[in-house]
Amino acid sequence: MPAITLPDGSVRQFDAPVTGTDVAAAIGPGLARAALAMKLDGREVDLSTLIERDASIVFITRRDPEALELIRHDAAHVLAEAVQALYPGTQVTIGPSIENGFYYDFARNEPFTPEDFPAIEAKMREIVGRGEKFVREEVDRDEAITFFQDKGEKYKAQLIQDLPGTETISLYKQGEWLDLCRGPHMRSTADVGTAFKLMKVAGAYWRGDHRNAMLSRIYGTAWRDQKELDAYLHQLEEAERRDHRKIGKEMDLFHIQEEAVGSIFWHPKGWKLYRTVEAYMRRRLDANGYQEVKTPQLVDRSLWEKSGHWDNYRQNMFITQVQDEDKFLALKPMNCPCHIQIFRQGMRSYRELPLRMAEFGSCHRYEPSGALHGIMRVRAFTQDDAHIFCTEEQIAPETARFITLLSQIYADFGFPDFRIKFSDRPEARIGSDDLWDHAEQALREACAIAGVAYELNPGEGAFYGPKLEFVLRDAIGRDWQCGTLQVDPNLPERLDAEYVGEDGARHRPMMLHRAILGSFERFLGILIEQYAGRFPLWLAPVQAVVATIVSDADDYAREVAAAFARAGLAVETDLSNQKINAKVREHSLAHVPVLAVVGRKEAESRTVALRRLGSQAQEVVSLDEAVARLASEATPPDLKPGNMA
RNA sequence: GCCGGCGUAGCUCAGGGGUAGAGCAACUGAUUCGUAAUCAGUAGGUCCACAGUUCGAUUCUGUGCGCCGGCACCA
């Protein structure tokens with residue numbers, strides 16, 4: 001007879017097997033109404049699950065974080081039913097809950113369009129309104145396969161076929177409609193509520209494999225209530241406003257045009273921003289024991305053959321041939337082979353290790369057209385690349401040192417939070433298990449030393465070694481890998497890098513590929529979105545505009561601008577024949593952080609009226625004080641007094 | 001690369017089988033004004049490219065290119 005333990009530690013005895021529904025009802029009518037599902041001994045299950053033995057229960061109500069996932073998963077089922085009701089002959093495949101919502105992949109000859117959404121949403125509301133109970137049914141595997149095959153649902157039949165033989169096959173019914181599903185579900189379709197919205201249609205490969213058929217995916221978002229849904233939609237709108245492509249245009253930072261797809265035309269202001277970031281990075285690297293180098297763009301095929309890129313990466317490389325010559329040169333897609341060439345010059349000693357070789361390396365990769373995205377994913381980019389040549393014992397301390405540097409740099413750019421993914425050995429790999437054990441252990445150790453947490457990304461390491469990936473999130477919620485650190489024993493081997501050890505013998509160094517920004521292009525895109533174009537003063541490409549109220553102040557305005565410029569500030573003047581209101585508006589829209597307004601009063605008293613972006617307030621200060629204050633604020637974080645690296 | 005959508009002035013967009021329109025920006029003139037748009041005027045277009053249908057295509061059809069959203073890719 002089951003004894004049920006509740007989260008508060010209390011125990012309830014039942015003299016016959018009970019369901020979660022029974023237990024909730026026994027506790028009280030409020031809970032009976034609110035409970036959507038439960039955790040039975042830690043496992044999420046339907047409320048209707050029969051409990052025959054002693055167990056602990058935690059009920060899941062709409063308030064709980066787990067509820068969102070249930071709502072979204074159930075919404076996917078409701079979407080599938082609605083689509084099959086409206087478009088007979090459509091096959092269902094899978095429909096999971098995802099961050100912020102859900103999707104369902106359908107197989108249908110006609111693709112869906114957003115014009116179909118109102119009808120589908122109406123049908124979904126109807127299904128939710130009916131409040132059909134979700135009923136779980138466990139079935140025999142072969143019967144289930146036959147059942148779905150007879151229905152013409154060949155994808156579902158295949159799914160079951162490929163499930164491991166030990167897996168229980170369960171179906172969930174909602175009224176007449178049913179779907180293969182592991183569960184759990186809430187009580188009925190009514191629990192989905194009405195705070196959902198279909199968002200977009202997309203193509204997606206069956207089972208995520210590009211060799212398979214392309215299915216029609218419908219994305220939706222679903223929330224606990226209308227308020228949450230509205231907030232989410234509002235957040236999306238806000239994110240769109242921050243899109244770096246839009247702001248890049250508004251602030252005149254860069255453009256891309258058809259004749260150079262995937263490459264960026266940096267405009268003066270954009271390039272100023274780029275140079276600010278580059279100069280900062282260079283100072284940080286210099287202060288951290290890196291040696292900067294510069295290596296060739298065009299490198300003969302033979303080096304790529306030795307490095308293995310010619311065999312494994314050629315389809316992504318831009319290859320050139322000079323007229324009348326039989327030689328193939330390739331634009332480098334990465335810098336590592338070139339860095340090894342520098343390492344190989346002369347004889348290296350163990351005393352030189354760890355040797356940290358950095359390059360702002362211009363790389364070209366022929367990325368698939370569909371991968372291109374503004375300045376975040378391009379074909380011509382500049383990595384803040386470095387390779388650390390070291391011994392096996394130095395992997396952990398060097399990695400820890402790297403993480404510390406990276407954290408400092410991300411913090412300076414306004415990203416105190418980032419995610420670390422630890423990718424360990426993949427199926428297809430080279431190198432002994434012993435070597436992998438060592439390398440993985442070293443990375444784990446480094447994370448421990450640096451005091452950072454990571455998530456495991458199993459099997460996602462490079463074929464030659466494990467890696468850490470450092471991920472930042474853009475305004476629209478997309479994740480971008482920026483930093484990386486990869487352990488590579490392979491390339492030094494292939495390209496024959498060696499050093500003389502303490503023992504007088506020759507040894508292979510380890511190589512750590514590492515980047516912090518990833519590429520300047522991607523990182524600047526993320527920076528633009530992070531600040532929505534309202535950069536902190538040290539990053540802003542135009543730091544101040546001196547604007548006049550009357551033309552009598554023109555001379556003084558020029559004087560103010562000259563004083564600002566002498567203090568190293570990027571300053572412009574606006575002597576145009578416009579009202580101050582118009583000037584304020586114009587430069588605010590251009591995201592200029594400081595507006596220094598001068599009229600007759602300021603010219604006479606040798607002051608300026610400072611107005612900061614995003615504030616209505618103005619502060620009148622003396623010219624000298626304005627210069628001192630702004631110059632100090634515009635100092636890059638690594639050059640601030642007391643903050644030197 | 002694949003699926004879908006889109007491509008009209010510098011920008012944001014409207015329109016539509018009879019060779020195009022708005023607002024902002026630009027330019028000219030007037031205005032000298034105290035913190036988010038002063039007024040008036042002028043100029044600006046191979047309606048992405050090519051082919052087809054048509055008396056006639058920017059509009060319809062096809063192909064290509066590019067962009068956007070996904071998917072796949074991302075040493």
Side-chain angles (χ1 to χ4, degrees), chain A residues 103 105 108 110-115 199-219 240 243 245-246 249-250 252 255-262 307-309 312-313 315-317 333-337 363 365-374 376-377 383 385 423 426 460-465 467 469 476 478 480-481 484 486 488 490-491 513 515 518-519 522 547-554 575-590 595-602 609-618 620:
Chain A
Y103 69 77
D105 284 347
R108 181 177 179 233
E110 288 275 295
F112 297 101
T113 76
E115 279 91 80
M199 302 298 284
K200 53 196 173 197
V201 290
Y205 297 108
W206 165 237
R207 299 195 145 167
D209 189 327
H210 69 279
R211 289 165 300 193
N212 289 341
M214 175 75 59
L215 305 171
S216 237
R217 175 174 297 180
I218 297 179
Y219 281 96
E240 243 169 77
D243 191 312
R245 292 164 299 191
K246 200 170 144 67
K249 206 176 279 177
E250 287 166 5
D252 194 18
H255 86 272
I256 300 174
Q257 67 186 48
E258 278 198 39
E259 289 83 351
V261 170
S307 71
H309 291 96
N312 300 313
Y313 203 67
Q315 67 281 3
N316 286 303
M317 290 164 67
M334 49 204 60
N335 309 296
C336 359
C363 294
R365 294 182 191 172
Y366 187 75
E367 300 287 355
S369 58
L372 301 177
H373 179 87
M376 310 269 240
R377 188 84 184 267
Q383 293 180 319
D385 202 5
S423 300
E460 291 297 313
F463 70 88
Y464 49 73
K467 60 183 176 183
E469 291 177 330
I476 313 167
R478 279 180 290 226
W480 294 96
Q481 183 206 315
T484 184
Q486 306 180 11
D488 184 3
N490 175 52
L491 207 56
H513 308 257
S519 84
R522 171 174 302 177
T548 52
I549 294 172
V550 293
S551 44
D552 284 351
D554 284 3
L575 311 181
S576 66
N577 182 10
Q578 282 185 102
K579 283 186 166 182
I580 193 61
N581 299 297
K583 294 186 187 186
V584 166
R585 178 180 154 82
E586 187 182 322
H587 302 300
S588 298
L589 289 174
L595 193 59
V597 176
V598 295
R600 278 202 193 88
K601 281 190 282 184
E602 287 76 12
L610 296 179
R611 178 183 166 127
R612 311 297 305 237
L613 181 60
S615 157
Q616 321 264 345
Q618 27 173 329
V620 179

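All chains are named by letter (A, B, ...) in the order of the sequence lines, taking the proteins before the strands, and each is independently numbered beginning at 1.
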J.: Out of B:rU32, B:rG69, B:rC65, which has the shortest distance to the side chain of A:Glu258?
T.: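 Comparing B:rU32, B:rG69, B:rC65 against the side chain of A:Glu258, the answer is B:rC65.
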J.: What's the gap between B:rC48 and B:rU38 when it is taken at their C1' atoms, as a whole Å value?
T.: 39 Å
J.: Out of B:rG70, B:rC67, B:rG1, which has the shortest distance to the side chain of A:Ser369?
T.: B:rG1
J.: Between B:rG70 and B:rG62, how many Å separate the two C1' atoms, rounded to a whole number?
T.: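 My reading of the C1' atoms in B:rG70 and B:rG62 gives 26 Å.
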J.: Contact class for A:Ala204 (heavy atom, under 4.0 Å): base, sugar-phosphate, or nothing?
T.: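 Touches sugar-phosphate only.
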J.: On a whole-Å scale, what distance lies between the C1' atoms belonging to B:rA25 and B:rG44?
T.: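 Pairwise C1' distance, B:rA25 against B:rG44, rounds to 12 Å.
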J.: Could you go over nucleotides 10-13 of chain B and give all protein N or O partners under 3.5 Å, atom names and distances?
T.:
residue	atom	partner	partner atom	Å
B:rU12	OP1	A:Lys249	NZ	3.2

J.: For nucleotides B:rA57 and B:rG52, find the distance between their P atoms and express it as a whole number of Å.
T.: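 The answer is 11 Å between these two P atoms.
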J.: Once you apply a heavy-atom cut-off of 4.0 Å, does A:Gly308 come out as touching a base, just sugar-phosphate, or nothing?
T.: base
J.: Please give, in whole Å, the distance from B:rC3 P to A:Leu215 CG?
T.: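 Distance, rounded to whole Å: 13 Å.
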J.: On the nucleotide B:rC68, are OP1 or OP2 found under 4.0 Å from the side-chain N or O atoms that A:Arg245 carries?
T.: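 Checking B:rC68 against A:Arg245, a side-chain N or O does come within under 4.0 Å of OP1 or OP2.
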J.: Rounded to the nearest 0.5 Å, how far does CG of A:Leu575 lie from OG of A:Ser551?
T.: 9.5 Å
J.: Could you pull out all residues at least two apart from A:Asp252 that satisfy salt bridge (charged side-chain N to carboxylate O under 4.0 Å, His left out)?
T.: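 Checked A:Asp252 against salt bridge (charged side-chain N to carboxylate O under 4.0 Å, His left out); zero matches.
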J.: Quote, to the nearest angstrom, the C1' distance that separates B:rA14 from B:rC24.
T.: 15 Å
J.: Is the base of B:rG1 touched by the side chain of A:Tyr205 through a donor-acceptor pair closer than 3.5 angstrom?
T.: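 Checked by distance alone, the answer is yes.
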J.: Could you tell me the separation between the SG atom of A:Cys336 and the CD atom of A:Gln383, rounded to the nearest 0.5 Å?
T.: 7.5 Å
J.: Looking at A:Lys467 and A:Glu469, is any side-chain nitrogen of the basic one under 4.0 Å from a carboxylate oxygen of the acidic one?
T.: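 Salt bridge present between A:Glu469 and A:Lys467.
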J.: Is a donor-acceptor pair below 3.5 Å formed from side chain A:Arg522 to base B:rC74, judging by atom type as modelled?
T.: no
J.: Within the structure shown, what part of the strands sits under 4.0 Å from A:Asn312 by heavy-atom distance: base, sugar-phosphate, or nothing?
T.: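 A:Asn312: base contact, heavy atoms under 4.0 Å.
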J.: CZ of A:Arg207 versus P of B:rA72: gap in Å, rounded?
T.: 14 Å
J.: What integer number of Å spans the P atoms of B:rU8 and B:rU59?
T.: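 So the two P atoms sit 13 Å from each other.
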J.: Between P on B:rG70 and CZ on A:Arg217, what's the gap in Å once rounded to a whole number?
T.: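 After rounding, the gap between these two atoms is 11 Å.
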J.: With salt bridge (Lys or Arg N to Asp or Glu O under 4.0 Å) as the test, would you mind laying out the steps for A:Arg211 and A:Asp209 before giving the verdict?
T.: CA-CA 5 Å; A:Arg211 289 165 300 193; A:Asp209 189 327; 2.6 Å; yes
J.: Nearest to the side chain of A:Val261 - B:rA72, B:rC74, B:rC67?
T.: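 Taking heavy atoms from C-beta onward, the closest nucleotide is B:rC67.
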J.: Expressed as a whole number of Å, how far does the P atom of B:rA26 sit from that of B:rG10?
T.: 14 Å
J.: Once you apply the 3.5 Å cut-off to both distances, tell me the Watson-Crick or G-U wobble partner of B:rC6, or none.
T.: B:rG66
J.: Please confirm whether the backbone N or O of A:Met376 pairs with a side-chain atom of A:Arg522, one donor and one acceptor, at under 3.5 Å?
T.: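 Indeed, once roles are kept as given, a pair shorter than 3.5 Å links the two residues.
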J.: Say we look at B:rG45 and B:rA20: how far apart would their C1' atoms be, to the nearest angstrom?
T.: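 My reading of the C1' atoms in B:rG45 and B:rA20 gives 9 Å.
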J.: Surrounding CD of A:Glu110 (heavy atoms of other residues, nucleotides or ligands, distance under 6.0 Å), is the total greater than 12?
T.: no
J.: Taking only N and O in the side chain of A:Ser551, is any of them less than 4.0 Å away from OP1 or OP2 of B:rU32?
T.: no
J.: Does B:rA51 have a Watson-Crick or wobble partner in any strand here, with both distances under 3.5 angstrom, and which is it?
T.: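 B:rU61 is the nucleotide pairing with B:rA51.
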J.: How would you summarise protein contacts on nucleotides 33-45 of chain B per nucleotide, using B for base, S for sugar-phosphate only and - for none, with heavy-atom distances below 4.0 Å?
T.: BBBBBB-------
J.: With heavy atoms under 4.0 Å as the rule, sort A:Pro111 into base, sugar-phosphate or nothing.
T.: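 Result for A:Pro111 = sugar-phosphate.
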J.: With a non-hydrogen cut-off below 4.0 angstrom, is A:Tyr219 in contact with a base, only sugar-phosphate, or nothing?
T.: sugar-phosphate
J.: Closest heavy-atom contact between A:Trp206 and A:Asn212?
T.: O-ND2, 2.8 Å
J.: Which heavy atom in A:Arg365 sits nearest to a heavy atom in A:Pro333, and how many Å separate them?
T.: NE-O, 2.8 Å
J.: With a 3.5 angstrom cut-off on both distances, give the Watson-Crick or G-U wobble partner of B:rG29, or none if there isn't one.
T.: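 When the pairing criteria are applied, B:rC39 turns out to be the nucleotide that pairs with B:rG29.
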J.: Let's test this: given Watson-Crick or G-U wobble pairing with both distances under 3.5 Å, identify the partner of B:rU46.
T.: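 Looking at the geometry, B:rU46 pairs with no nucleotide.
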J.: Once you apply the 3.5 Å cut-off to both distances, tell me the Watson-Crick or G-U wobble partner of B:rA14, or none.
T.: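 Base partner found: none.
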J.: Can you label the angle between the A:Tyr205 ring and the A:His210 ring as parallel, tilted or perpendicular, going by 30° and 60°?
T.: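 A:Tyr205 vs A:His210 ring planes: perpendicular.
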J.: How far apart are the closest heavy atoms of A:Ala202 and A:Tyr219, and which atoms are they?
T.: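 That would be CB-CE1, 4.0 Å.
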